[in-house]
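Remarks on the structure that follows.
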Amino acid sequence: MLALLAEQAHAAGERPLRIGLAAPTGKAAARVRVAVNGALDEILRRTPDDTRPVVERLREVEPSTLHRLLGWRPDSRSRFRHHRGNRLPHDVVLVDEASMVSLTHMARLLEALRPQARLILVGDADQLVSVDAGAVLADLVAGAEVAADPPVALARLRTVHRFGETIGALAEALRVGDADAVVAALSAGSDEVRWVRDEDPVTTLRPLLTQQAYRVLTAARDGDAEGALTALGDHRLLCAHRTGPHGVRTWNQLTETWLTEETGLTFYDQMYVGRPLLVTANDYATGVLNGDTGVVVASRTPDGTPVRMAVVEGATGSTRFAPSRLGDVETMHAMTIHKAQGSQAREVTVLLPEADSPLLTRELFYTAVTRAEETVRVVAPEEVVRAAVDRRVVRASGLRQRLAGSPT
């Protein structure tokens with residue numbers, strides 16, 4: 001899409017387009033970078049020589065977080081350097097993972113765009129909405145589908161490239177809310193989709209989590225930062241809650257306990273070698289952003305002194321820091337489904353909460369399943385699965401009705 005726009009501008013004799021690429025989190029921005037570079041490699045193989053420089057120029061576009069695009073201000077969380085009186089310079093702004101953008105931040109982006117600019121929102125309207133107010137992408141899609149004269153152009157992509165057919169069938173059943181089809185997809189016995197209905201998930205999860213933690217630990221102790229990050233990305237345990245028996249905190253603590261029993265090591269130091277990290281707040285002084293992941297690894301100074309370094313993978317690749325320089329981080333043997341938005345892993349295990357949990361919704365379940373590239377494992381009894389499919393996130397922002405031309 002961006003290559004076509006760049007070629008059209010060139011054919012019309014216009015100056016090169018000024019393009020902004022953004023995503024809500026640093027992790028999502030990093031994925032945009034990988035996706036764009038991979039797509040450009042393929043596009044350039046089929047691009048005529050006379051327009052190759054036009055398309056090649058897209059490599060210079062630096063994906064960033066939406067906060068950074070708008071111009072972060074240390075004195076305000078909701079106001080930015082770019083606004084009505086100081087517009088963004090871009091001709092085109094593309095925002096990926098748009099389902100995560102809140103009503104407030106979308107309003108600030110629209111205010112900052114020049115009247116002639118083109119805004120492209122890319123995302124999955126069936127995913128979890130922003131943790132802040134609003135469900136902007138879902139409202140835009142719903143409003144455009146029913147409006148007689150829609151204010152936005154809507155295109156749905158139907159072919160899934162991230163995962164295989166069985167995961168795709170499960171995701172589609174969740175998207176349309178067909179509980180019987182969801183149960184059938186979980187029960188199919190595929191290598192891609194596995195269903196664990198044990199009352200005690202420890203039986204299944206202990207060996208899985210301990211093995212991964214051991215792989216991360218081994219690579220980290222060997223000073224192999226790349227190997228540690230690769231092991232970390234091979235599997236994600238996704239939970240709905242932060243606390244409680246089905247929460248992230250419980251499973252992080254259990255994994256560390258099991259790793260201690262497996263290795264005989266103790267992890268009293270908070271920044272122990274092998275600790276998987278999840279950044280939970282933006283730190284523009286270091287460039288570390290909310291959603292970035294990393295591992296504490298063994299390293300050495302130029303004179304050979306042993307030290308520990310936190311290797312963080314973000315929008316600009318992996319960066320090393322002294323652990324003391326990092327601010328808000330958590331252990332990431334497990335993470336919440338909300339935090340997993342904008343990321344993916346080769347294998348994902350989804351630990352659903354109790355049926356009466358207010359967080360148990362179809363959008364939560366769908367978001368978790370669609371983080372997987374090769375394998376998804378769902379840990380929940382059938383009644384919980386059906387409860388999740390039947391329950392939707394409800395946000396009354398009024399935007400959907402206004403877009404559809406109905407009174408609010």
Side-chain angles (χ1 to χ4, degrees), residues 163 166-167 170 182-183 185-220 228 230-265 267 272 274-278 293 295 330-340 343-357 359-360 364-385 387-388:
F163 38 70
T166 311
I167 297 178
L170 174 59
V182 169
V183 170
L186 290 172
S187 305
S190 163
D191 288 338
E192 288 183 22
V193 177
R194 301 167 187 175
W195 191 7
V196 179
R197 285 174 274 190
D198 300 342
E199 288 189 11
D200 184 6
V202 168
T203 304
T204 297
L205 296 186
R206 176 170 181 165
L208 187 70
L209 295 174
T210 305
Q211 181 183 41
Q212 185 197 18
Y214 183 74
R215 287 179 56 219
V216 173
L217 174 67
T218 301
T230 298
L232 184 63
D234 277 347
H235 177 263
R236 289 278 192 277
L237 173 62
L238 303 182
C239 307
H241 292 272
R242 291 181 54 81
T243 59
H246 293 82
V248 166
R249 189 172 300 168
T250 295
W251 290 94
N252 277 331
Q253 292 172 347
L254 282 172
T255 303
E256 289 180 339
T257 299
W258 296 330
L259 191 59
T260 295
E261 295 173 358
E262 181 78 17
T263 64
L265 301 171
F267 305 105
Y272 61 85
R275 182 189 181 193
L277 303 173
L278 174 66
T293 57
V295 180
E330 297 177 353
T331 301
M332 201 191 73
H333 294 296
M335 68 189 303
T336 65
I337 297 170
H338 269 95
K339 286 288 186 183
S343 68
Q344 59 191 42
R346 185 183 61 80
E347 182 176 338
V348 164
T349 297
V350 184
L351 179 61
L352 292 179
E354 300 287 350
D356 59 355
S357 167
L359 296 182
L360 183 67
L364 178 111
F365 196 178
Y366 175 88
T367 300
V369 165
T370 53
R371 299 308 90 205
E373 295 175 318
E374 297 179 12
T375 304
V376 62
R377 181 184 296 99
V378 176
V379 182
E382 183 172 338
E383 59 268 25
V384 170
V385 168

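Fair warning: this is a prediction, and the values are worked out from it, not measured in the lab.
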Reported [atom1]-to-[atom2] distance for the pair [X] and [Y], which is rounded to 0.5 angstrom:
{"X": "Thr204", "Y": "Asp198", "atom1": "OG1", "atom2": "CG", "answer": "4.5 Å"}
{"X": "Leu205", "Y": "Trp251", "atom1": "CG", "atom2": "CH2", "answer": "4.5 Å"}
{"X": "Ile167", "Y": "Thr370", "atom1": "CD1", "atom2": "OG1", "answer": "10.0 Å"}
{"X": "Thr218", "Y": "Tyr214", "atom1": "OG1", "atom2": "OH", "answer": "4.0 Å"}
{"X": "His241", "Y": "Leu351", "atom1": "NE2", "atom2": "CG", "answer": "10.0 Å"}
{"X": "His333", "Y": "Gln253", "atom1": "NE2", "atom2": "CD", "answer": "11.0 Å"}

Nearest heavy-atom neighbours spanning [X] and [Y]:
{"X": "Gly247", "Y": "Cys239", "answer": "C-SG, 4.2 Å"}
{"X": "Val193", "Y": "Leu170", "answer": "CG1-CD2, 4.1 Å"}
{"X": "Ala231", "Y": "Val216", "answer": "CB-CG2, 3.8 Å"}
{"X": "Ala355", "Y": "Val384", "answer": "N-CG2, 3.8 Å"}
{"X": "Val248", "Y": "Ala334", "answer": "CG1-O, 3.4 Å"}

Judged by atom type as modelled, is there a donor-acceptor pair below 3.5 Å linking the side chain of [X] to the main-chain atoms of [Y]?
{"X": "Glu192", "Y": "Val376", "result": "no"}
{"X": "Gln344", "Y": "Glu373", "result": "no"}
{"X": "Trp195", "Y": "Ala380", "result": "yes"}
{"X": "Gln212", "Y": "His235", "result": "yes"}
{"X": "Arg371", "Y": "Thr367", "result": "yes"}

Within a strict 4.5 Å, meaning less than it, do heavy atoms of the [X] and [Y] side chains meet?
{"X": "Pro245", "Y": "Thr250", "value": "no"}
{"X": "Asn252", "Y": "Glu330", "value": "no"}
{"X": "Arg236", "Y": "Thr293", "value": "yes"}
{"X": "Leu238", "Y": "Thr336", "value": "no"}
{"X": "Arg206", "Y": "Leu254", "value": "no"}
{"X": "Leu232", "Y": "Met332", "value": "yes"}
{"X": "Arg377", "Y": "Leu208", "value": "yes"}
{"X": "Thr331", "Y": "Arg275", "value": "yes"}

Going through the distances and angles, do Arg215 and Asp234 end up as a side-chain contact (heavy atoms from CB on, under 4.5 Å)? CA-CA 10 Å; Arg215 287 179 56 219; Asp234 277 347; 2.9 Å; yes

Step-by-step side-chain contact (heavy atoms from CB on, under 4.5 Å) determination, Val183 to Glu382: CA-CA 7 Å; Val183 170; Glu382 183 172 338; 4.1 Å; yes

Evaluate Leu359 against Ile337 for side-chain contact (heavy atoms from CB on, under 4.5 Å), listing each step before the verdict. CA-CA 10 Å; Leu359 296 182; Ile337 297 170; over 6 Å; no

Could you check Val182 against Phe365 for side-chain contact (heavy atoms from CB on, under 4.5 Å), going step by step and ending with a plain yes or no? CA-CA 11 Å; Val182 169; Phe365 196 178; 4.3 Å; yes

